[in-house]
Amino acid sequence: MGKQRLNPSGIFYTAASGIWQTVWLEPANAARITRLDTVPDLPAGVLDLVVQTTGGASGVQAQVLSGGTVVSTVTGTPGAHLRIPIPSARLWTPDDPFLYDLRVTLTGTNGGDAVGGYFGMRSIGKAMVDGVLRPVLNGKFVFQLGTLDQGYWPDGIYTAPTDAALRFDLEQQKALGFNMVRKHIKVEPARWFYHADRLGLMVWQDMPAMKTGFTPRRPTAPCSSPSCAG
């Protein structure tokens, strides 16, 4: 629900319905890749990858590319943790938002399906800096300066009308010198987060909330009337 209301006022905004996440159709093999889980491990200089599949695939191959050149290749099995070395890793920062490409293919029995993805070699954590607990990027304190991003469009409300509209606000925030954006009580499509990664904007993600004071209705006594059915 977030901040949208049927009767908007104050900090509560116009309600919307319909498609709000990216939707597509594509032919797919019975044995196919359904998800890539990526976790950079900076101290070890590797990417921890889990390839989720369906349809009985027996093997996977993963390749990491930089500028179209393969820098690392590993093979393994679906669902297992694959440790892909990233030699001399180029770390992602707001000043240098470098992204690696990822290419994963099913091999062996029921092989053939392939997907692409990306990742940045970065870590988010916390550390004591000059006696104060601070958020750190890649182990270093970075002063985060950003805006509260509402994620509304005049011609789409919750949904951006085009990809250009989706990235416009992020591009302007980056051009104004910000390195962070706080997404206000809303979850954007994955494409929005990709643009933030590509442009070099860290994201503070709010948790969408239910209506304040919402209490589920409960019957006060058993009801035997047919009108109570369901």
Side-chain angles (χ1 to χ4, degrees), residues 22 33-53 59-107 113-129 133-147 149 163 166-167 169-171 173-175 177-183 187-206:
T22 305
I33 298 166
T34 59
R35 174 171 168 161
L36 303 178
D37 295 325
T38 57
V39 179
D41 185 340
L42 268 60
V46 303
L47 176 73
D48 190 327
L49 169 68
V50 178
V51 182
Q52 307 288 358
T53 66
V60 297
Q61 180 190 72
Q63 292 181 315
V64 172
L65 301 92
S66 173
T69 300
V70 176
V71 299
S72 191
T73 301
V74 299
T75 58
T77 57
H81 285 262
L82 308 179
R83 303 279 283 175
I84 310 176
I86 312 296
S88 302
R90 183 172 167 182
L91 303 186
W92 184 99
T93 68
D95 294 330
D96 183 22
F98 181 78
L99 299 173
Y100 289 91
D101 292 316
L102 183 62
R103 187 165 59 205
V104 180
T105 306
L106 295 187
T107 61
D113 191 42
V115 300
Y118 78 92
F119 65 93
M121 288 298 288
R122 65 183 177 192
S123 66
I124 300 293
K126 56 186 178 180
M128 296 299 295
V129 179
L133 186 63
R134 304 281 193 186
V136 291
L137 172 68
N138 304 333
K140 298 179 180 179
F141 173 64
V142 175
F143 185 84
Q144 299 186 34
L145 179 66
T147 65
D149 190 302
D163 188 59
L166 187 67
R167 68 174 187 263
D169 288 349
L170 295 176
E171 291 174 336
Q173 290 172 78
K174 186 67 177 182
F178 297 112
N179 64 6
M180 177 274 290
V181 54
R182 174 185 159 192
K183 176 50 62 176
V187 177
E188 295 289 3
R191 183 76 176 174
W192 184 89
F193 292 93
Y194 163 70
H195 287 312
D197 288 337
R198 179 180 58 84
L199 292 167
L201 287 164
M202 292 177 281
V203 176
W204 292 10
Q205 176 62 62
D206 281 8

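Quick note: residue numbers are just sequence positions, from 1. Bear in mind that the values here come from a model prediction, so they are computed numbers and not experimental data. Side chains included, hydrogens not; waters and symmetry mates left out as well; all remaining heavy atoms used.
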Which ring-ring contact (aromatic ring centres under 6.0 Å, His included) pairs, counting each pair once, include a residue from residues 83-104, with sequence neighbours left out?
F98-Y100, Y100-F119
Ignoring hydrogens, what is the shortest heavy-atom contact between [X] and [Y]? Give both atom names and the distance.
X	Y	value
S123	G139	OG-N, 4.0 Å
Q173	V181	OE1-CG2, 3.5 Å
V60	P78	CG1-CG, 4.0 Å
P94	M202	CG-CE, 3.8 Å
L201	M180	CD2-N, 3.7 Å
I84	S72	CG2-OG, 3.4 Å

Show which side-chain atoms of residues 40-53 pair as donor or acceptor with protein atoms under 3.5 Å away, not counting sequence neighbours.
residue, atom, partner, partner atom, Å
D41, OD1, A44, N, 3.3
D41, OD2, R83, NH1, 3.3
D41, OD2, R83, NH2, 3.0
D48, OD1, H81, ND1, 2.8
D48, OD2, H81, ND1, 3.3
Q52, NE2, D37, OD2, 3.2

Rounded at 0.5 Å granularity, tell me how far [atom1] in [X] sits from [atom2] in [Y].
X	Y	atom1	atom2	value
L82	T73	CG	OG1	12.0 Å
R134	M128	CZ	CE	9.5 Å
T93	D95	OG1	CG	5.0 Å
L199	F178	CG	CZ	14.5 Å
D163	H195	CG	NE2	3.5 Å
F143	L137	CZ	CG	14.5 Å

Close side-chain approach of [X] to [Y], heavy-atom, < 4.5 Å:
X	Y	value
R103	V70	yes
Q63	T105	no
L91	R122	no

Please answer whether the main-chain N or O of L65 pairs with a side-chain N or O of D101 as donor and acceptor at a distance below 3.5 Å.
no
Look at the side chain of N179 and the backbone N and O of Q144, then say whether any donor-acceptor pair between them is shorter than 3.5 Å.
no
Does a side-chain N-to-carboxylate-O contact under 4.0 Å join D149 and K183?
yes
All ring pair (Phe, Tyr, Trp, His ring centres under 6.0 Å) counterparts of Y118, not counting sequence neighbours
Y194
